[in-house]
Amino acid sequence: MSIFTKIISGEIPSYKVAENEKFYAFLDINPNAKGHTLVVPKEEVNKLFDLDEELYNELMSFSRKIAIAIEKAVPCKRIGLSVIGLEVPHVHVHLIPLQAMEDIQFIKKVTLQPEEFEAIAKAIADNL
Ligand code: AMP
């Protein structure tokens, strides 16, 4: 069982942004930038392009809605999207508020307090 499956089930806590029957969106715990969000299909599939085409399209559509809300909630130039998966073998879309190229390069991290995570998750959810 992946760590994200445990997050979706509530076994491991997360700063939830949104959820529907197929997807779960929450803040990355080690963010590149304030507002860095992960969107995960509840079905535990390892690789993005192994998703069936319908679920893949729905994941992108759900991620688009979340990205639009992040852009309203977090000051940034635009929202970057990245899919990596080298650390957690459960499909997840990274949505990252960008000010500069380095924000999407996973080389610089920001430290946030629990209250800041909570406030950002709420601000994004309030813009959905
Ligand atoms: P990757 O698999 O390379 O796309 O990276 C996995 C991402 O998941 C990293 O950005 C981690 O910070 C993030 N991550 C790992 N564990 C958790 C967790 N418990 N809650 C939130 N984000 C996590």
Side-chain angles (χ1 to χ4, degrees):
M1 195 189 286
S2 82
I3 188 166
F4 291 163
T5 295
K6 290 180 182 168
I7 284 175
I8 292 160
S9 73
E11 194 181 323
I12 292 176
S14 66
Y15 298 101
K16 179 171 143 179
V17 168
E19 178 177 20
N20 69 9
E21 70 283 1
K22 290 184 182 168
F23 306 106
Y24 190 88
F26 59 105
L27 297 180
D28 195 299
I29 204 68
N30 187 22
N32 289 14
K34 202 170 171 178
H36 182 166
T37 300
L38 303 177
V39 184
V40 181
K42 290 185 175 178
E43 184 184 334
E44 190 177 322
V45 173
N46 180 353
K47 297 178 181 173
L48 177 70
F49 299 119
D50 287 342
L51 288 176
D52 76 51
E53 193 173 351
E54 191 182 345
L55 193 62
Y56 172 88
N57 288 331
E58 287 172 348
L59 172 65
M60 288 304 148
S61 176
F62 190 78
S63 297
R64 177 176 176 276
K65 290 192 185 100
I66 305 295
I68 289 168
I70 298 171
E71 191 159 5
K72 287 179 186 157
V74 180
C76 61
K77 290 186 175 163
R78 60 180 59 221
I79 304 300
L81 183 156
S82 174
V83 176
I84 305 172
L86 289 170
E87 187 184 320
V88 179
H90 181 159
V91 174
H92 50 285
V93 173
H94 292 264
L95 298 173
I96 305 169
L98 303 179
Q99 293 290 357
M101 182 62 92
E102 67 180 12
D103 294 329
I104 196 105
Q105 290 175 323
F106 296 83
I107 49 174
K108 194 193 76 186
K109 297 290 178 175
V110 299
T111 304
L112 300 172
Q113 299 306 310
E115 312 80 65
E116 295 177 282
F117 277 111
E118 275 160 25
I120 298 161
K122 185 178 183 309
I124 298 168
D126 287 347
N127 277 283
L128 279 166

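Count residues from 1 along the sequence.
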Side chain to side chain, [X] and [Y], heavy atoms closer than 4.5 Å:
X: Asp28; Y: Asn30; value: yes
X: Ile66; Y: Phe23; value: no
X: Phe62; Y: Lys22; value: no

Is the side chain of [X] donor-acceptor paired with the backbone N or O of [Y] at a distance under 3.5 Å, no angle test?
X: Lys34; Y: Pro75; answer: no
X: Ser63; Y: Leu59; answer: yes
X: Asn57; Y: Glu54; answer: no

Between His90 and His92 (judged by ring centroids, cut-off 6.0 Å), do the two rings come close enough to count as a pair? no

Out of curiosity, [X] [atom1] to [Y] [atom2], how far, rounded to the nearest 0.5 Å?
X: Lys65; Y: Asn20; atom1: NZ; atom2: CG; value: 8.0 Å
X: Phe4; Y: Lys42; atom1: CZ; atom2: NZ; value: 15.0 Å
X: Arg78; Y: Ile104; atom1: CZ; atom2: CD1; value: 11.0 Å

Pairs under 3.5 angstrom only: tabulate donor-acceptor contacts from the side chains of residues 10-18 to other protein residues two or more places apart or in another chain.
| unit_1 | atom_1 | unit_2 | atom_2 | d |
| --- | --- | --- | --- | --- |
| Ser14 | OG | Tyr24 | OH | 2.9 |
| Lys16 | NZ | Glu19 | OE1 | 2.6 |

So Ile96 and Phe106, side chain to side chain contact (heavy atoms under 4.5 Å, CB included) or not? Walk me through it. CA-CA 10 Å; Ile96 305 169; Phe106 296 83; 3.9 Å; yes

Nearest heavy-atom neighbours spanning Pro97 and Gly35: CD-C, 3.7 Å

Could you report the tightest heavy-atom contact between Lys47 and Val91, atom names first, then the distance? C-CG2, 3.5 Å

I would like to know whether Val83 and Leu81 meet side chain to side chain contact (heavy atoms under 4.5 Å, CB included); could you show each step before the answer? CA-CA 7 Å; Val83 176; Leu81 183 156; 4.3 Å; yes

Following the transitive rule for hydrophobic clusters with a side-chain heavy-atom cut-off under 4.5 Å over Ile, Leu, Val, Met, Phe, Trp and Tyr, establish whether Leu98 and Leu27 coincide in one cluster. no

When hydrophobic residues are tied together by side-chain contacts of less than 4.5 Å, even through go-betweens, does Ile29 share a cluster with Ile84? no

Donor-acceptor list for residues 112-124 side chains, cut-off 3.5 Å, not counting sequence neighbours:
| unit_1 | atom_1 | unit_2 | atom_2 | d |
| --- | --- | --- | --- | --- |
| Glu116 | OE1 | Gln113 | N | 2.7 |
| Lys122 | NZ | Asp126 | OD2 | 2.7 |

Do Asn32 and Lys108 have side-chain N/O donor and acceptor atoms under 3.5 Å apart? no

Glu71/Ile68 under side chain to side chain contact (heavy atoms under 4.5 Å, CB included): CA gap, chis, key distance, verdict: CA-CA 5 Å; Glu71 191 159 5; Ile68 289 168; 5.9 Å; no

